[in-house]
Asker: 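Before I ask anything, let me first share the structure, which is written out below as structure tokens.
Being a predicted model, the structure only gives us computed values, none of them experimental.
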Amino acid sequence: MEQHRTRSPQPAPRRDKPPRPPVPPQAGPAAGGVVRSPRPERVPQRRKGTQSRPHPPGGSGPQGRSRPVPERRPGPGRSAAQAVRRVPNPRLTGLGGGLFCALVMLTLGLLDAALFASQTAYGVLFLPVAALTAVWVRRVDLLTAPVVVPIAFAVGLVPLVDGDGTGGQIMGMVTGLATQAGWLYGGTLIAGVIVLVRRVRMIRRRNARNRSQG
């Protein structure tokens with residue numbers, strides 16, 4: 001018997017895609033072609049009316065709110081310095097300082113004679129007036145302060161003197177100056193110390209200025 005040979009099924013023919021045409025080489029500078037420059041990157045444009053604002057330090061920005069800065073309260077030293085600066089600080093000439101001290105002491109003497117009639121109260125009030133005269137007189141006329149202060153004390157003592165006639169007034173004046181000599185010397189000493197301190201400070205400032213300039 002003849003054996004029937006079975007043929008293996010032949011695969012279906014492949015449908016190959018048509019080959020792609022080769023890409024022509026790009027023209028370069030050697031081939032005489034034009035080289036295309038790379039495209040510049042686009043910079044994002046800002047909208048009209050918007051400006052970049054610098055964010056202040058301290059964490060304040062678009063993401064967070066600015067924290068309020070706590071107010072600093074002045075310490076006792078600063079408050080005392082400010083209070084001293086607010087005190088009037090006039091500058092009196094030698095004649096102006098003498099008139100100031102004499103008028104103030106005469107006014108205090110009249111008030112003392114009308115209210116208390118006490119020479120001791122008058123002597124106590126003389127001390128701050130002498131100090132203010134020495135502080136407010138200008139630097140050029142510093143040496144006049146210890147001179148005009150005792151004269152002003154004598155002028156203000158006139159309303160407090162008791163006596164009949166000119167002789168009685170003179171004797172009462174001498175007695176008042178003798179009994180109130182402590183207050184008179186005290187006020188004159190205060191004025192002299194203040195003038196001495198101001199004089200030393202003025203000399204030191206002048207020397208420091210000369211050294212800096214030299």
Side-chain angles (χ1 to χ4, degrees), residues 74-213:
R78 293 183 179 179
S79 60
Q82 292 178 358
V84 171
R85 291 177 182 176
R86 292 177 183 176
V87 175
N89 189 18
R91 287 289 173 252
L92 303 175
T93 61
L95 180 60
L99 291 176
F100 165 77
C101 190
L103 290 176
V104 172
M105 292 310 300
L106 182 60
T107 304
L108 293 177
L110 292 173
L111 292 176
D112 189 8
L115 298 176
F116 308 106
S118 173
Q119 294 182 359
T120 304
Y122 174 79
V124 173
L125 295 175
F126 170 69
L127 300 180
V129 176
L132 288 177
T133 304
V135 170
W136 286 349
V137 72
R138 63 183 185 177
R139 298 175 182 176
V140 182
D141 301 326
L142 280 176
L143 299 179
T144 59
V147 178
V148 300
V149 162
I151 299 175
F153 182 87
V155 172
L157 192 61
V158 173
L160 297 172
V161 173
D162 296 332
D164 298 334
T166 305
Q169 290 287 336
I170 293 175
M171 290 301 298
M173 191 74 179
V174 173
T175 305
L177 291 174
T179 55
Q180 305 300 324
W183 301 110
L184 176 61
Y185 293 153
T188 307
L189 180 62
I190 290 174
V193 170
I194 294 175
V195 167
L196 182 61
V197 172
R198 291 185 60 189
R199 183 71 178 179
V200 171
R201 291 180 60 185
M202 183 177 65
I203 294 174
R204 288 182 178 178
R205 290 179 181 177
R206 186 181 301 173
N207 294 337
R209 189 180 303 171
N210 294 337
R211 290 176 183 175
S212 62
Q213 291 178 358

Asker: For Asp112 and Leu160, run side-chain contact (heavy atoms from CB on, under 4.5 Å): C-alpha distance rounded to whole Å, both residues' side-chain angles, the deciding distance at 0.1 Å, then the answer.
Answerer: CA-CA 8 Å; Asp112 189 8; Leu160 297 172; 3.7 Å; yes
Asker: Are there over 12 heavy-atom neighbours, none belonging to Leu196, within less than 6.0 Å of that residue's CG?
Answerer: yes
Asker: Counting C-beta onward and ignoring hydrogens, is there a side-chain heavy-atom pair between Leu106 and Pro159 closer than 4.5 Å?
Answerer: yes
Asker: State, yes or no, whether a side-chain contact exists between Thr133 and Val137 at a heavy-atom distance under 4.5 Å.
Answerer: no
Asker: So which atom in Val155 and which in Ala102 form the shortest heavy-atom distance, rounded to 0.1 Å?
Answerer: CG1-O, 4.4 Å
Asker: State, with a plain yes or no, whether a side-chain heavy atom of Gln169 is found less than 4.5 Å away from one of Met173.
Answerer: no
Asker: Report the C-alpha separation of Arg201 and Arg204 in whole Å, then their side-chain angles, then the decisive distance to 0.1 Å, and conclude whether the side-chain contact (heavy atoms from CB on, under 4.5 Å) test is met.
Answerer: CA-CA 5 Å; Arg201 291 180 60 185; Arg204 288 182 178 178; 5.7 Å; no
Asker: Taking the side chain as C-beta and beyond, is there a heavy-atom pair between Leu108 and Val129 under 4.5 Å?
Answerer: yes
Asker: To the closest 0.5 Å, what do you measure between CZ (Arg138) and OG1 (Thr144)?
Answerer: 9.0 Å
Asker: Would you say that Thr120 contacts Gln180 through its side chain, given a criterion of any heavy-atom pair below 4.5 Å between the two side chains?
Answerer: yes
Asker: Is there a side-chain contact between Tyr122 and Phe116, using heavy atoms and a 4.5 Å cut-off?
Answerer: no
Asker: Looking at Asn207, I'd like to know if its CG atom is crowded, meaning that more than 12 non-hydrogen atoms belonging to other residues, nucleotides or ligands lie closer than 6.0 Å.
Answerer: yes
Asker: What are the two closest heavy atoms between Arg198 and Trp136, and how far apart are they?
Answerer: NH1-N, 4.3 Å
Asker: Contact between Phe153 and Leu177 at the side-chain level, heavy atoms closer than 4.5 Å - yes or no?
Answerer: yes
